[in-house]
Amino acid sequence: MFRRTFVVFCFFFFAFCLFTSASYAEQKTLKVGFIANLGNPMGRGLQKSLEAVIPVLNSKGGLQVGKDRYQVELITYDDKGSMETAKSAVERLVFKDKVKFILGDTTVESWLPITEENKVVAVVETPSPTVLKPEHNYVFQATSLNTLPTVVWGWFAKNYPDKKTVAALYPDALHGHHDAEQLELLCKSFGQKVVNITFYPMDTTDFSAMATKIKASNPQVFTTAGGGPVQDSLTIKALREVGWKGIFLNYRGFSPGQQREMQRLQYFEDSIFTLNGHEWGEVEPLRPIYKEFIESYIAKHGKYDYVGAFFIPKWYALAEAIRKAQSIDPEKVASVLASGLKFDSPFGQGMMVSRPDMGNQRTVDVVFATTIGTIKNGKVKVVYNISTDEAFEFLKKSGLFGYK
Amino acid sequence: MIRIIAQLTLDGLAIGLIYALLASGFSMIMAISGILFIAYGEFYMLGAYILWGLMVPLKLPFSLSLCITVAVTALLGGLIYLAVFERMQGRKLFFLVSILAAIGIAMAMKQSALLLFGTESRGMPSLFNRIIEFCGLTLTLEKAVLILLSVATVTALHIFLRGTDMGRAMRAVSFNVEAAQLQGVNPKRVYLLTAMIGCGLAGFSGGVMAPVYALSPEMGMITLMILLVVMFAGIGSMAGALLSGLIVGIITSFGQYYIGTGVAQILLFTTIAVVLFFRPGGLFAETRDEML
């Protein structure tokens, strides 16, 4: 009796070991590197977004790659916004952690040679044109930084043809001057005239005198970017307080929910802005992918802080490229990204586009479907949904991207 | 043109009064206690955040929030004085040692704010939703309230210092502490009260500014501007601090309009340097002894 019990026990024990070892053998892991300035709200917001969505993906079995499923392991390093620190982080990712895919940021120029030489696919956010050059095969820009302003200005110029004079306020920093140059080009492309551009130190909070100056130049349209939501709200507040009554056009992204915490929304009445990634709490119904993202974020972190959706398309582009490639071979994934990949993300539907102006026929940049919103009687209204194809038409029409 | 000049003057008045208030408190601490209180700007920052915390999450009314803000910053100022400065008051190298202590306090307060509130700026919804228009000029009701409160506070401070026994005692200590002691003045009590009033003024300034502009842990950097205003005015001159604050605010406003913020600051510093060259003790320095 005892011997029989022992034999039965051994049988089930070995069967159990075989079953679990077989399951373990099928459990595959895909390591993805992530570097960002985690001391910066945008970097921290992206980290929180990835920490929310990747576990949900893993809980559903992981990333589908052909017949296999991979659990995604995110390896995070804080680059502190420093080129040197970022380069060290990427060296660790590539040589120690052996990743083949990296989600990167504006520090990419410092570590691009490492990823190119080691054939590591890097999906980044940067306005720098360096990464878009044809000699780079494994780096892709997958956020709206480069193309969104053109899409929004193109739409605005088409739908508000009588609004010709533009004034702007930008931070007196590298990105502020870059935005100013971009604005000059956009206005020239779409037939508008810049009547005033003023720069302010980043720590400015009193915009009264600048608002008086802008009002004196009598613009029909005012825009600002790069100072952050607080500066944006203070500038428009100052303008309204001096009696300026034109249209505030925000082409980088406007969060009504965030602004409502800082400012009365009436200052933004009749403004035109992109709502991408900020629809939560403002418009219904939400796109399923965006709704899922918000729910995951809130489940993980308790509340949504409005910045999470802006740079998350990098992950969604990479994930979709791996799915379509049906492989984790970086060559195949890069090839999919470079061939006009279309993907969906909480920020909006994206389509990889080429950059002929950089001599690159591979699709290394991205254009997004864009939701245009306004404020009417303190409430957000959707004015128009620009599709990816329409958005691409605005890129072509601008003449800034080299499309014929 | 006249309308623009008038508007710029009005815009400069609001920020100028805040500089004036802060300069008055800073100057008072310096003249009476002999402390170059580098951490003064952090009390301004603290006042803004306390008001934000009372009004936004707790939804208390503005008047109550401001009173609590002033009380908390004044109390904290008094506690810091008792814990840090009282024991070294009157000792050798007090001035230098107090500067080091104040720097340490400033760093601790700023880092605490960064830990608690993060690095990003934050704003507050406007208190009053009205714009006053007169003679082609515009002024928000918010700024009008800020101006009125600031003027009232400066007036109250002036009456306190000139018209009350304690005010006279504080002025006596600033002139000669031994002579004041012989007249029955308790200098320790005077120093403590000076710290409390000064820090309360800083907290008040931050509190009235918070709904008008933005909050950030970097707000404490205003200490540099206050130092300039005080040097411009002359240490110990309350009227000078008021006028200098207004002058600085208006120069900044005109500078932002005509030449840009960065160049405006250069213009401001140059103006102050020229004034100090001819009057090293400050524009409104009262006695030869106060001139360096």
Side-chain angles (χ1 to χ4, degrees), chain A residues 37-45 81 169-173 196-217 227-245 258-267 305-307 378, chain B residues 1 3-16 18 48 56 114 118-133 136-143 209-216 218-219 221-222 249-250 252-262 264-265:
Chain A
N37 181 0
L38 301 183
N40 175 285
M42 300 301 276
R44 177 76 186 123
L169 204 52
Y170 293 116
D172 192 5
N196 183 289
I197 294 183
T198 300
F199 297 97
Y200 63 89
M202 282 295 290
D203 58 355
T204 301
T205 53
D206 182 14
F207 291 94
S208 313
M210 285 178 261
T212 301
K213 187 175 180 181
I214 287 169
K215 190 191 168 195
S217 64
V230 173
Q231 256 72 10
D232 288 354
S233 74
L234 289 174
T235 55
I236 195 63
K237 180 184 173 189
L239 271 171
R240 295 299 188 212
E241 286 173 354
V242 298
W244 180 75
K245 294 191 185 342
Q258 203 172 27
Q259 289 296 338
R260 200 177 277 114
E261 288 176 1
M262 289 184 287
Q263 207 51 265
R264 292 169 194 268
L265 274 192
Q266 69 180 82
Y267 288 119
D305 53 16
Y306 304 108
V307 298
Chain B
M1 175 61 90
R3 194 191 62 77
I4 287 175
I5 290 172
Q7 184 69 60
L8 290 172
T9 306
L10 202 56
D11 293 338
L13 200 63
I15 190 76
I18 293 298
V56 176
L114 283 167
T119 57
E120 45 196 290
S121 304
R122 59 184 76 203
M124 282 179 65
S126 305
L127 286 176
F128 308 107
N129 184 23
R130 209 176 144 199
I131 296 172
I132 304 165
E133 290 190 43
L137 305 177
T138 59
L139 181 69
T140 60
L141 184 55
E142 225 168 34
K143 276 193 187 164
M209 279 283 273
V212 181
Y213 302 115
L215 295 76
S216 86
E218 303 293 331
M219 285 173 82
M221 296 297 288
I222 202 169
I250 290 168
T252 305
S253 179
F254 276 80
Q256 278 181 358
Y257 183 92
Y258 284 106
I259 52 177
T261 308
Q265 286 185 339

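Just so we're on the same page: letters track the sequence lines, and every chain starts at 1. Just so you know, these numbers use all the heavy atoms, side chains as well, and skip hydrogens, waters and symmetry mates.
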- Under 4.5 Å from a heavy atom of chain A, the part of B/Gln265 involved: neither
- Minimal non-hydrogen separation, B/Ile4 against A/Ala216, with atom names: CD1-CB, 4.3 Å
- Closest heavy-atom pair and its distance - A/Thr205, B/Ala214: CG2-CB, 3.8 Å
- Donor-acceptor pair between A/Lys237 and B/Thr140 side chains, under 3.5 angstrom: no
- Query: Which region of A/Thr212, side chain (C-beta onward) or backbone (N, CA, C, O), has a non-hydrogen atom less than 4.5 Å from a non-hydrogen atom of chain B, or is it both or neither?
  - Reply: both
- Task: List the atom of A/Ala209, the atom of B/Asp11, and the distance in Å for their closest heavy-atom pair.
- Result: N-OD2, 4.1 Å
- To the nearest 0.5 Å, tell me how far A/Ser208 OG sits from B/Leu139 CG. 9.5 Å
- Name the region of A/Arg44, side chain, backbone, both or neither, that has any atom closer than 4.5 Å to a heavy atom of chain B. neither
- Residue A/Met42 excluded, over 12 heavy atoms near CE under 6.0 Å: yes
- To the nearest 0.5 Å, atom OG1 of A/Thr204 lies from atom CD of B/Gln256 at 6.5 Å
- Message: Less than 4.5 Å apart, side chain to side chain, heavy atoms only: is that true for A/Lys215 and B/Gln7?
- Response: no
- Query: Between A/Glu241 and B/Arg130, is there a salt bridge with N-O shorter than 4.0 Å?
  - Reply: no
- If you measure from OH on B/Tyr213 to CG on A/Asp206, what distance do you get to the nearest 0.5 Å? 3.5 Å
